[in-house]
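Just below is one structure, and these are the notes that go with it.
All heavy atoms count here, side chains included; hydrogens, waters and symmetry mates do not.
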Amino acid sequence: MTRQQKIIRILLLILIISGLIWFSRAYLDINPTDIKEWILSFGMWAPILYILLYTIRPLIFFPASVLSITGGLAFGAWMGTIYTVIGATLGAVVAFLVARKLGSGLIKEKANAGKVEQIQQQLEKNGFIYVLIFRLLPIFNFDLISYAAGLSKVRLLSFFLATLIGIIPGTFAYNFLGSSIVSKDPQIIIGAIVVFLVLTIVPWYLQKRWKAKKNLG
């Protein structure tokens, strides 16, 4: 494959991803309540369907936050969190493998450049820590992390474990928020909002402080 063909391949991949994001935002405007009612209509198969939907979600870039809130609405805070963590982790692996398959040629080409190769080796060595931090911080797009990791040298096992652990706080926050809506209890709703804010703002604040210290150092 020539360099020109590889560039065209990358541009085509970017175009497809951009198109999927646009399509998701423009035409998949479905609220969590509608999804919840549809999922629960499948009875005992509802959890499996929900996990399956979350697994394929990255392929159409449907908002993860909407499905996470749906999990809380449909299954409650605790079971919703469990089902969401399973589905989100599997979905992240799917995105990771798709990116690795489509971008393998690009990775091999870049590995020949000295400085890029050093960065990739460091990412491969500390991949678990990097992915874990990115999962804990809510300021990065969930799917872009998965695709970016797939294009790097991060090991699949490190990516899987870091994703599984790193998404638990945020996932619980969204599911608790969704379950509180079902309860219709103002105190529970307020409590859920507080938990949600704490679990999303605190990681962002810690990241800002860590960045500031790093710049000073």
Say you draw a straight line from [atom1] of [X] to [atom2] of [Y]; how long is it, rounded to the nearest 0.5 Å?
X: Leu132; Y: Leu164; atom1: CG; atom2: CG; value: 10.5 Å
X: Ile168; Y: Thr163; atom1: CD1; atom2: OG1; value: 11.0 Å
X: Ile35; Y: Leu49; atom1: CD1; atom2: CG; value: 10.5 Å
X: Ile167; Y: Ile145; atom1: CD1; atom2: CD1; value: 11.0 Å

Testing the 3.5 Å rule here: is there a donor-acceptor pair between the side chains of [X] and [Y]?
X: Thr84; Y: Tyr50; result: yes
X: Ser68; Y: Tyr54; result: yes
X: Ser146; Y: Arg135; result: yes

- Query: Tell me the salt bridge (Lys or Arg N to Asp or Glu O under 4.0 Å) pairs involving residues 42-63, sequence neighbours left out?
  - Reply: Arg57-Asp143
Check whether [X] reaches the backbone of [Y] with its side chain - one donor and one acceptor, N or O, closer than 3.5 Å.
X: Ser158; Y: Val154; result: no
X: Ser180; Y: Leu177; result: yes
X: Asn175; Y: Gly72; result: yes
X: Arg100; Y: Gly150; result: yes

- Message: Does Val131 form a side-chain contact (heavy atoms from CB on, under 4.5 Å) with Leu161? I'd like the steps, not just the answer.
- Response: CA-CA 9 Å; Val131 174; Leu161 293 176; over 6 Å; no
- Those residues at least two apart in sequence (or on a different chain) that pass ring-ring contact (aromatic ring centres under 6.0 Å, His included) with Trp45 are none
- Item | ring-ring contact (aromatic ring centres under 6.0 Å, His included) involving Tyr83 - partner list, sequence neighbours excluded | Phe75
- Which atom names give the shortest non-hydrogen contact between Val66 and Thr70, and what distance separates them? O-OG1, 2.7 Å
- Task: Anything under 30° is parallel, anything over 60° is perpendicular, the rest tilted; go ahead and classify Phe172 against Phe176.
- Result: parallel
- Query: side-chain contact (heavy atoms from CB on, under 4.5 Å) between Leu157 and Phe128: does it pass, once the steps are laid out?
  - Reply: CA-CA 9 Å; Leu157 180 59; Phe128 176 85; over 6 Å; no
